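Before any comments, here is the structure.
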Amino acid sequence: MSKLNRRRANRGLRRLESDKQLGYVGRRHARNMAGAGTTWHLGNLANVVTRWRRLGQTVGRAPRCRAMFRMFWRSSVHRTIMMGRWRFVGVGVERRRGRIYVLQIFESRRNPGNTFRYP
């Protein structure tokens, strides 16, 4: 997240703060993607995250974190989402079979909540 915040700061954008509720949703989805060995967007994100204003998400799979960030940054769609007018981010990461699976969720409201029972 520090690399993302540095890129945002270089463009005059607000620093993103971590949100544990969004991170929990991200970790659950990253675990599911790793188990399946593939990636997909969380299609029901707007139903899973509660009390939200605006939501965005990026998903990916790569051998290392550096490669993942580079892949996100080189994609104009992912870059646009990461540079959006967000205030909070939750990141879920799962490592399996030599790859990392990532879901980043972006939101404008602190602690929006989710429909899962947070441990």
Side-chain angles (χ1 to χ4, degrees):
M1 197 163 83
S2 61
K3 188 177 272 194
L4 174 57
N5 275 328
R6 277 194 304 273
R7 296 275 175 109
R8 289 176 60 86
N10 289 341
R11 286 159 180 76
L13 297 172
R14 174 191 303 230
R15 180 182 184 283
L16 295 174
E17 295 179 43
S18 180
D19 183 280
K20 68 180 184 177
Q21 294 289 329
L22 297 175
Y24 183 67
V25 173
R27 285 190 304 277
R28 286 178 61 112
H29 189 65
R31 190 176 316 124
N32 289 339
M33 291 188 301
T38 189
T39 61
W40 66 92
H41 285 96
L42 186 55
N44 64 344
L45 181 63
N47 294 325
V48 171
V49 176
T50 59
R51 300 184 315 271
W52 56 273
R53 289 186 186 145
R54 291 183 310 121
L55 289 172
Q57 66 177 309
T58 61
V59 298
R61 173 181 67 181
R64 294 178 314 282
C65 289
R66 176 181 272 174
M68 179 69 70
F69 187 81
R70 192 170 31 241
M71 186 257 325
F72 281 155
W73 192 252
R74 289 179 178 166
S75 161
S76 63
V77 173
H78 287 102
R79 188 174 54 249
T80 298
I81 292 169
M82 294 187 314
M83 295 295 115
R85 293 181 53 197
W86 313 110
R87 293 184 60 207
F88 303 97
V89 64
V91 180
V93 178
E94 180 76 18
R95 181 176 297 277
R96 204 165 301 174
R97 294 181 295 278
R99 293 207 177 275
I100 59 169
Y101 295 80
V102 174
L103 170 62
Q104 297 179 97
I105 304 172
F106 300 90
E107 218 292 289
S108 298
R109 171 185 262 168
R110 177 179 291 283
N111 194 18
N114 66 70
T115 60
F116 302 125
R117 184 168 175 243
Y118 189 78

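Not measured: the values here are computed from a predicted model.
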Might you point out which heavy atoms bring Tyr101 and Gly37 nearest each other, and give the distance in Å? OH-CA, 3.5 Å
Taking every non-hydrogen atom, the tightest pair across Ala46 and Trp52: O-NE1, 3.0 Å
Once you measure the plane-to-plane angle for His29 and Trp40, does it fall in the parallel (<30°), tilted (30-60°) or perpendicular (>60°) bin? perpendicular
Check: Met71 main-chain N/O paired with Ser75 side-chain donor or acceptor under 3.5 Å: no
Interatomic distance, CE@Met1 vs CE@Met82, rounded to 0.5 Å, equals 13.0 Å
Using the side chain to side chain contact (heavy atoms under 4.5 Å, CB included) rule, take Arg8 and Arg15 through it: C-alpha gap first, then chi angles, then the decisive distance, then the call. CA-CA 7 Å; Arg8 289 176 60 86; Arg15 180 182 184 283; over 6 Å; no
Before giving the answer on side chain to side chain contact (heavy atoms under 4.5 Å, CB included), spell out for Leu16 and Leu4 the whole-Å C-alpha distance, their side-chain angles and the decisive distance to 0.1 Å. CA-CA 8 Å; Leu16 295 174; Leu4 174 57; 3.7 Å; yes
Evaluation steps, side chain to side chain contact (heavy atoms under 4.5 Å, CB included), between Arg74 and Phe69: CA-CA 9 Å; Arg74 289 179 178 166; Phe69 187 81; over 6 Å; no
Under 6.0 Å from the six-membered ring centre of Trp86 and within 45° of its axis: does the NZ or CZ of Arg54 meet both? yes
Pairwise side-chain contact, Met68 with Trp73, heavy-atom cut-off 4.5 Å (strictly under): no
Contact check, side chains of Val102 and Phe72, non-hydrogen atoms, under 4.5 Å: yes
For residues Val49 and Leu55, determine if any side-chain heavy atom of one lies less than 4.5 Å from a side-chain heavy atom of the other. yes
Can you confirm whether Arg85 is buried at CZ, in the sense that more than 12 heavy atoms of other residues, nucleotides or ligands lie under 6.0 Å from that atom? no
Any Gln57 side-chain heavy atom under 4.5 Å of Leu42 side chain: yes
Search all heavy atoms of Arg11 against all heavy atoms of Met83 and return the closest pair with its distance. CD-SD, 3.8 Å
Where is the tightest heavy-atom contact between Asn114 and Gln21, given as atom of each residue plus distance? ND2-OE1, 2.6 Å
Rounded to the nearest 0.5 Å, what's the gap from CG on Leu45 to CD on Glu107? Could you check? 9.5 Å
Is there a side-chain contact between Met33 and Glu94, using heavy atoms and a 4.5 Å cut-off? no
Do Ile100 and Arg64 have side-chain heavy atoms sitting under 4.5 Å apart? no
Non-hydrogen side-chain atoms of Arg96 and Arg31 separated by less than 4.5 Å: yes
Donor-acceptor contact present, side-chain Arg70 to main-chain Cys65, <3.5 Å: no
Got a second to check how far Thr38's OG1 is from Arg61's CZ, nearest 0.5 Å? 5.5 Å
Which heavy atom in Val59 sits nearest to a heavy atom in Leu103, and how many Å separate them? CG1-CD1, 3.3 Å
Closest heavy-atom pair and its distance - Arg27, Val91: CG-O, 4.3 Å
Within the 4.5 Å heavy-atom criterion, are Thr115 and Asn47 side-chain neighbours or not? no
